[in-house]
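Nothing here was measured: the structure is a model prediction, and the numbers come from that model. We name chains A, B, ... by the order of the sequence lines, and we start the count at 1 in each one.
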2 protein chains.
Amino acid sequence: MADVAARAGVSLKTVSRVINGEPRVAPATAAAVAQAVRELGFRSNHAAASLASGRGVASIGLLIGAVDDPFYARLASGVEQVARAHRHTVLISSTEEDPELERDAALGLAARQVDGMIMVPCSPDQDYLTPDIAAGLAVVFVDRPPHGLDADCVLSDNRAGAHAGTAQLLAGGYRRIGFVGNDTTVYTSAERLAGFLAAHADVGLAVDEHLISLGPRTVIEAEAATRALLARPDPPQAIFAQNGPMTMGAWRAVHALGAPVGLVGFDDFALADVLEPPVDVVAQDPVELGRQATTLLFDRLADGDRPTRHITLPTHLLTRS
Amino acid sequence: MADVAARAGVSLKTVSRVINGEPRVAPATAAAVAQAVRELGFRSNHAAASLASGRGVASIGLLIGAVDDPFYARLASGVEQVARAHRHTVLISSTEEDPELERDAALGLAARQVDGMIMVPCSPDQDYLTPDIAAGLAVVFVDRPPHGLDADCVLSDNRAGAHAGTAQLLAGGYRRIGFVGNDTTVYTSAERLAGFLAAHADVGLAVDEHLISLGPRTVIEAEAATRALLARPDPPQAIFAQNGPMTMGAWRAVHALGAPVGLVGFDDFALADVLEPPVDVVAQDPVELGRQATTLLFDRLADGDRPTRHITLPTHLLTRS
DNA sequence: CTGAAAGCGCTTACAG
DNA sequence: CTGAAAGCGCTTACAG
C-alpha cells in the first residue's frame, strides 16, 4: 500500500479511502490511486485490514456431515440464501460424522474469525466451543441439538414425523413393521425410532425387536440390512426407513425381492414419486432448516445477550401409493 | 496475549511459544501460561498471526455452481478428500451460475488469502483474476476451461461421451433424436451438443434443428421442454439429455407420455438403474474431477512456475435398458 | 530456556 | 478534500 501511495503521490490514508470506496476524494486523486493500484497489481491484505479495523470478515461457517448428502446440500443452500442477503460468505466444512473432524473443523473455523457458525453436531459433546462462545463466537445448532452447552437450535419434529409415518403403515393393516436406520447415537435416528415405537404403543401393538435394524449409513448398507430383515423366517410386512439413503436402500431390497412389502421413508428424495411403486415419505424441509438457523445466527450476532431459542419445524406426510 | 503474559508472569514471546507448541519451554512455565490462557478465555487472533508471520492460512477455496446439485456436491467431496490429506480446509462458495456472483465470490476468496482456488467458471471471462494470480494466487479450473487466461484445468471428455451416447441411440435404430440441454454458453452443453451432432454426421444423418431444445436448467424446465418436443407433429423417437437434471426431466416427460421413446443421458444419477424403464447414461466421475483438480492445485502451490497442465478424463457409457 | 524490540499492512481518530 | 501518527495482536530475528 505504501508503494501505491508513493507512486500516486498521496498518503496511505488516501489510498485506503480509494480502496474502500470512501467518499470525499477528489476524482483526479482517486484516478491516480486507481492507476497505481493497477500498475502495481496491488491486492489489499485482508488479514491486516481485519486486524486494524477490528471488524470481522463478514463470513459464517457451516459444519455439515457431508457435502454430497442431498439433505445437507439442501440445508446448505438455505444457509447460503440468508447469508447472501446479509452479505456474508459461507465457509462450508464437513465432519464426515467423525467427532475428531468436527472438533478440528469447528475450532478451525472459530480460529479463522468467522462471525458465527452453524453446525450439525455429531460429537457426544460440544463444550470445547465454550471458550470461543464466551469470547464472542455465535453458534447455532441445526438438525441435532447441542450437548454440553445451551445454544440456539433448529430441529425438525422427528418424533412426530416418524409417528405419523408409522401410523400410516399401521392404518394400512401392516402389523409387523421393520425399522431401518442409523444407530441411535445419532439424535435424529433415536428420535425417529421413538416415534416409531410410540405409534405402535398407541395401537397396543408390541414391536418385535428383531425387526429393528440399526447401523447402516449408506444406501448399500441399508439395502443389505433390509434384505436381511426380509430373509428372516418371520419377515416384516413393511419397512419404515429413517432417512433418504435408508429409504432408497430399503426400496431397492424390496424391489429386488418383488414381494409386496409396505414402505414409508423419512425425508423426500428425487424420483421417489415415480418409482414403481412410488414411495410415501415423511418430508422435512432442509432448506427451511438452513434458513431459520441462519436467521437465528444473525439475530444473535445483532444481540449476543438474547435468550437462546429452540425452534421445531413440522414435517409433512406425502402419500403417493 | 499481553494479558496472558502478564498473568503468567512471562513475556509475549513465551506465550507465543506455548500457544504454537514450540519446543524449549520449561514445563512449569508452559503450565502457568496454559492456565492463564484458560482463565482468561484467550483466543489467538488468526488475522494477526497470519499478518505477522506472512504465512497463509492453510485453506483453499472452491467455487461451484450450486451446493445442492449432486454433480457439484460429488466434485466437492473429491476436493475435500485431497485437501484433507494436505491438511487444508476447503471454503466452498456457490456462483449460482451468475457471472457477478462468481466474480464477487472468487475475489472474496482471494482477498481472504486462500492459498489456492478451484473453480467451475460461468462468466465469459476470468481475467479479473490475473492480478491475483500475478500476486501469487494458485487457480485451477474444473469441469469448464478458463477464458481470458491460461491455467491448470481438469475436464471430462464431454464431446466423446456425448458422441458415444448418441451413437448408441443411432445404433438402436432411432433416426429422429432430440437434444435437451442448457444453452450453449455453458461450455459442457456446447461440447456435448457438438458430440451429438458429430455422431449424426458420422452416419450421414441430418439433424432436425427443431429437435434441439436449449435453455432448460432445472428438472422441471427439462420436463416441460421434452414435453414440448414430444408434442410436435414430427416428434423425436428418442432424447439425448445433457446432464443429470435434464435426464430426470426428460425421463419424467417420456414416462408421463407412456410412449416408447428412447433416452440416453449425460451423468449418472441415483436410481437411474431402477427406474422403469432404466436409463442408459454417459457417466463421468465428478469425485475424480475434484480429486485431480486438487492435486493439480497442490502441485502448483509447490511449484508456481511449472507449465500449466490440461487433463481430460474419459467418460463411460452405462447400458441398462 | 527466556525476553525486548521492531514490524507485518492495514485503519482509526484527529487535525488541518 | 488530505495527511501524520498511533496502534490492531501477533511473530520474527536477535540477544542473552
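- In summary, B:Glu96 and B:Arg217 do not engage in a salt bridge, as defined by a charged side-chain N under 4.0 Å from a carboxylate O.
- Side-chain nitrogen and oxygen atoms of B:Thr29 include at least one within less than 4.0 Å of the OP1 or OP2 phosphate oxygen of C:dT2.
- If you measure from atom CG of A:Leu12 to atom C1' of C:dC8, you get 14 Å, rounded to the nearest angstrom.
- Along DNA chain C, the nucleotide nearest to B:Gly9 and the one nearest to A:Met1 differ in position, and the one closer to the 5' end is contacted by B:Gly9.
- As rounded to whole Å, 12 Å separates atom C1' of C:dT12 from atom CG of A:Leu51.
- In a base pair of the Watson-Crick type (N1 to N3 plus N6-O4 or O6-N4) or a G-U wobble (N1-O2 and O6-N3), with each distance short of 3.5 Å, C:dC1 is matched with D:dG16.
- Comparing D:dT2, C:dG3, D:dC10 by their nearest atom to the side chain of B:Lys13 picks out C:dG3.
- Ring centroids of A:His88 and A:Phe298 are separated by less than 6.0 Å, placing the two rings close together.
- We find that B:Arg103 and B:Glu100 are not joined by a salt bridge, their nearest charged nitrogen and carboxylate oxygen being 4.0 Å or further apart.
- Taking atom CD1 of residue A:Ile19 and atom P of nucleotide C:dG9, one finds them 13 Å apart after rounding to whole Å.
- For A:Ser16 and C:dC10, the shortest distance from a side-chain N or O to OP1 or OP2 is not below 4.0 Å.
- In the set D:dA4, C:dT2, D:dC1, C:dT2 carries the atom at the smallest distance from any side-chain atom of B:Val25.
- A:Asp115 places no side-chain N or O within 3.5 Å of a backbone atom of A:Ile60 that could act as its donor or acceptor partner.
- Among D:dA13, D:dG9, C:dC10, the nucleotide with an atom closest to any side-chain atom of B:Ala48 is D:dG9.
- One atom, CZ of B:Arg17, and another, P of D:dA13, lie 14 Å apart when rounded to the nearest Å.
- In this structure, B:Leu40 atom CG and D:dC10 atom P are separated by 12 Å, rounded to whole Å.
- Spacing between atom CG of A:Asp3 and atom P of C:dG9 amounts to 9 Å, rounded to whole angstrom units.
- Closest non-hydrogen pair, B:Ser77 versus A:Asp68, comes out as OG-OD2, 3.7 Å.
- B:Ser11 has no side-chain polar atom (N or O) that falls below the 4.0 Å cut-off from OP1 or OP2 of C:dT2.
- Comparing atom distances between the B:Ala52 side chain and each of D:dT2, C:dC8, C:dC10 picks out C:dC8 as nearest.
- Whole-Å rounding puts the A:Glu22 CD to D:dG3 P distance at 13 Å.
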